[in-house]
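Contents: one structure, followed by commentary.
FYI, side chains are in, hydrogens and waters are out, and symmetry mates aren't considered; it's all heavy atoms of this structure. Here the structure is a predicted model, which is why all the values come from computation and not from measurement.
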Amino acid sequence: MEFTGERLVPGVEGLDELFLEHVSRYAFAAPLTVGKRVLDAGCGCGYGSYHLARAGAASVLGIDVSEEAIAYCRENHPHDAVAYERRDVLETGLEAGSFDRIVAFEVFEHVDRPERFLDEMKRLLRPDGALVLSTPNAHTYEAGGEGGDNPYHVKEYVPEEMRALLEGRFGRVDWYVQGPASGLSILPVVDPGEKASLSAEMRLIAPPDRSGWGAPVPVAAKLERCSYMVALCRMSGAEGFPSPGAICIALGDDLADGSGRAAALVQHGRRLQQQLDERGRWALDLQRELELRDKTIEKLQAEFEDRTRWALELDRKTEEQARLIQELTRERAGAGPSAAG
């Protein structure tokens with residue numbers, strides 16, 4: 001399926017970081033869906049539904065309004081615990097209280113009736129269910145399209161608007177932020193064949209003037225300045241509800257045999273090749289423009305020379321006619337009427 005910008009298509013070269021951004025939301029929600037009946041509202045190409053099923057969800061229903069997307073899901077991301085159906089997220093036609101969990105990632109900004117969407121999601125949840133929703137922050141969102149606008153978005157929201165829409169509908173809403181962070185990693189070395197869990201503890205080291213020269217300080221995220229808002233919306237505020245906590249995911253597979261580094265180098269090489277190809281196409285286009293310009297100049301030069309010759313010929317004929325007129329005038333003057341006898 002062609003990538004148009006409306007939904008992420010896995011495997012498209014140059015979109016690794018965008019894929020990381022999208023799939024990390026499913027990794028974040030996965031612990032909440034283990035053993036649960038899950039709805040993936042606006043499932044797109046189905047990679048997220050597939051991920052949740054592999055992570056332990058009892059069942060996943062992925063729905064999307066696009067028939068093309070659903071066909072792609074069924075062909076590329078089949079799983080025994082996953083079903084894909086073409087449905088409208090505003091009017092699903094599904095039975096009330098059918099799901100323990102609903103995930104709706106980067107869907108909210110696409111709908112023209114946000115209140116209707118939230119009411120429909122709430123209707124589909126069990127009394128102890130939860131919705132995990134994400135949407136870009138209008139304060140910081142910059143679309144990649146011309147003019148900075150995403151033609152597939154109806155509206156991007158600021159945190160104040162999202163709080164008003166969500167916190168009045170659900171028993172409890174916990175807020176998370178998603179976005180790139182500058183940092184370094186210290187990871188254990190694992191011998192080939194061994195298996196290790198590389199879960200990471202998040203710490204923040206502020207600049208020296210604010211942290212005592214490198215002493216870790218508590219992480220304090222700000223919803224107003226994040227790239228994407230993530231909301232965990234519970235139907236009730238019951239205690240004991242599992243929390244996914246924080247998650248930090250990096251792109252790559254740094255294995256002990258060095259294949260991760262090799263893969264990164266291959267990917268970097270592909271990007272360089274793409275840049276060279278683009279510059280080659282640009283050079284060809286420029287060459288065509290230069291050739292067209294030269295031909296235009298040659299044509300104009302030829303037209304100028306033709307007009308110059310025509311002007312010179314016209315001058316010659318004009319001078320010749322002037323001489324003829326002078327001669328005729330003299331002849332008439334010399335052959336005037338005879339004097340009377």
Subject >> Closest approach of Y84 to H77 (non-hydrogen atoms, all atoms of both residues) >> reply: OH-O, 2.7 Å
Original post:
Counting only heavy atoms not in E95, do more than 12 fall under 6.0 Å of its CD?
Top reply: no
**OP:** Verify whether one side chain among S24 and Q178 offers a donor that lies under 3.5 Å from an acceptor in the other.
**Re:** yes
Subject >> Any donor-acceptor N/O pair, Y228 side chain to E106 backbone, under 3.5 Å >> reply: no
**OP:** Step through the shown structure and confirm whether more than 12 heavy atoms of other residues, nucleotides or ligands are within 6.0 Å of CG on D294.
**Re:** yes
Original post:
Is a side-chain N or O of R101 found less than 3.5 angstrom from the main chain of L32, in a donor-acceptor match?
Top reply: yes
**OP:** Identify the two heavy atoms, one from F117 and one from V111, that lie closest to each other, and give their separation to 0.1 Å.
**Re:** CB-CG2, 4.2 Å
Subject >> Heavy-atom closest pair, residues S134 and E109 >> reply: O-OE1, 4.2 Å
**OP:** Check C73 against C45 and note the closest heavy-atom contact, atom names and distance.
**Re:** SG-C, 3.2 Å
Original post:
Backbone N or O of V65 within a donor-acceptor pair of the D88 side chain at under 3.5 Å?
Top reply: no
**OP:** Give a yes or no on whether a salt bridge exists between E320 and R316, defined as a side-chain N under 4.0 angstrom from a carboxylate O.
**Re:** yes
**OP:** Using the side-chain contact (heavy atoms from CB on, under 4.5 Å) rule, take L124 and M121 through it: C-alpha gap first, then chi angles, then the decisive distance, then the call.
**Re:** CA-CA 5 Å; L124 294 175; M121 297 300 102; 4.2 Å; yes
**OP:** Start with the C-alpha gap between L290 and R293, add the side-chain angles, then the distance that decides, and say whether side-chain contact (heavy atoms from CB on, under 4.5 Å) holds.
**Re:** CA-CA 5 Å; L290 291 174; R293 184 201 64 180; 3.9 Å; yes
**OP:** Apply side-chain contact (heavy atoms from CB on, under 4.5 Å) to L165 and E115, showing your working.
**Re:** CA-CA 7 Å; L165 286 165; E115 293 88 354; 3.9 Å; yes
Original post:
Can we say R116 and E120 salt-bridge, meaning some charged N sits less than 4.0 Å from an Asp/Glu carboxylate O?
Top reply: yes
**OP:** Check P159 against H139 and note the closest heavy-atom contact, atom names and distance.
**Re:** CD-CD2, 3.6 Å
**OP:** Provide the closest heavy-atom pair for R234 versus F170 in the form atom of the first, atom of the second, distance.
**Re:** O-CB, 3.3 Å
Original post:
Does any non-hydrogen side-chain atom of V132 lie less than 4.5 Å from one of T33?
Top reply: no
**OP:** Any chance you could measure L223, atom CG, to M162, atom CE, to the nearest 0.5 Å?
**Re:** 9.5 Å
Original post:
When you measure from the side chain of E161 to the backbone N and O of V158, does any donor-acceptor pair fall under 3.5 Å?
Top reply: yes
Original post:
Above 12 or not: heavy atoms from other molecules or residues under 6.0 Å from CZ of R307?
Top reply: no
Original post:
Just how far is it from atom CG of D119 to atom CG of L90, taken to the nearest 0.5 Å?
Top reply: 10.5 Å
**OP:** Start with the C-alpha distance between E313 and W310, add both sets of side-chain angles, then the distance that settles side-chain contact (heavy atoms from CB on, under 4.5 Å), and finish with yes or no.
**Re:** CA-CA 5 Å; E313 181 67 17; W310 174 82; 5.7 Å; no
Original post:
Between the side chain of N137 and the main-chain N/O of C226, is any donor-acceptor distance below 3.5 Å?
Top reply: yes
Original post:
Rounded to the nearest 0.5 Å, how far apart are CG of L286 and CD of E291?
Top reply: 10.0 Å
Subject >> Atom pair CE/CG of M229 and L133 - distance to nearest 0.5 Å >> reply: 9.0 Å
Subject >> Criterion side-chain contact (heavy atoms from CB on, under 4.5 Å) against S49, the qualifying member of L61, D40, L39 >> reply: D40
**OP:** Look up atom CZ in R123 and atom CZ in F99, then write down how far apart they are to the nearest 0.5 Å.
**Re:** 10.0 Å
Original post:
Taking R87 for the side chain and T92 for the main chain, is one N or O donor matched with an acceptor at less than 3.5 Å?
Top reply: yes
Original post:
Do you know which of I63, I70, V60 makes side-chain contact (heavy atoms from CB on, under 4.5 Å) with C43?
Top reply: I70
Original post:
Taking C-beta and beyond as the side chain, do H110 and V89 meet within less than 4.5 Å on heavy atoms?
Top reply: no
Original post:
Is there side-chain contact between P114 and Y157, with at least one heavy-atom pair below 4.5 Å?
Top reply: yes
**OP:** Find the distance between CD (E68) and CZ (R86) and round it off to the nearest 0.5 Å.
**Re:** 12.0 Å
Original post:
Counting heavy atoms not belonging to E75, are there more than 12 under 6.0 Å from its CD?
Top reply: no
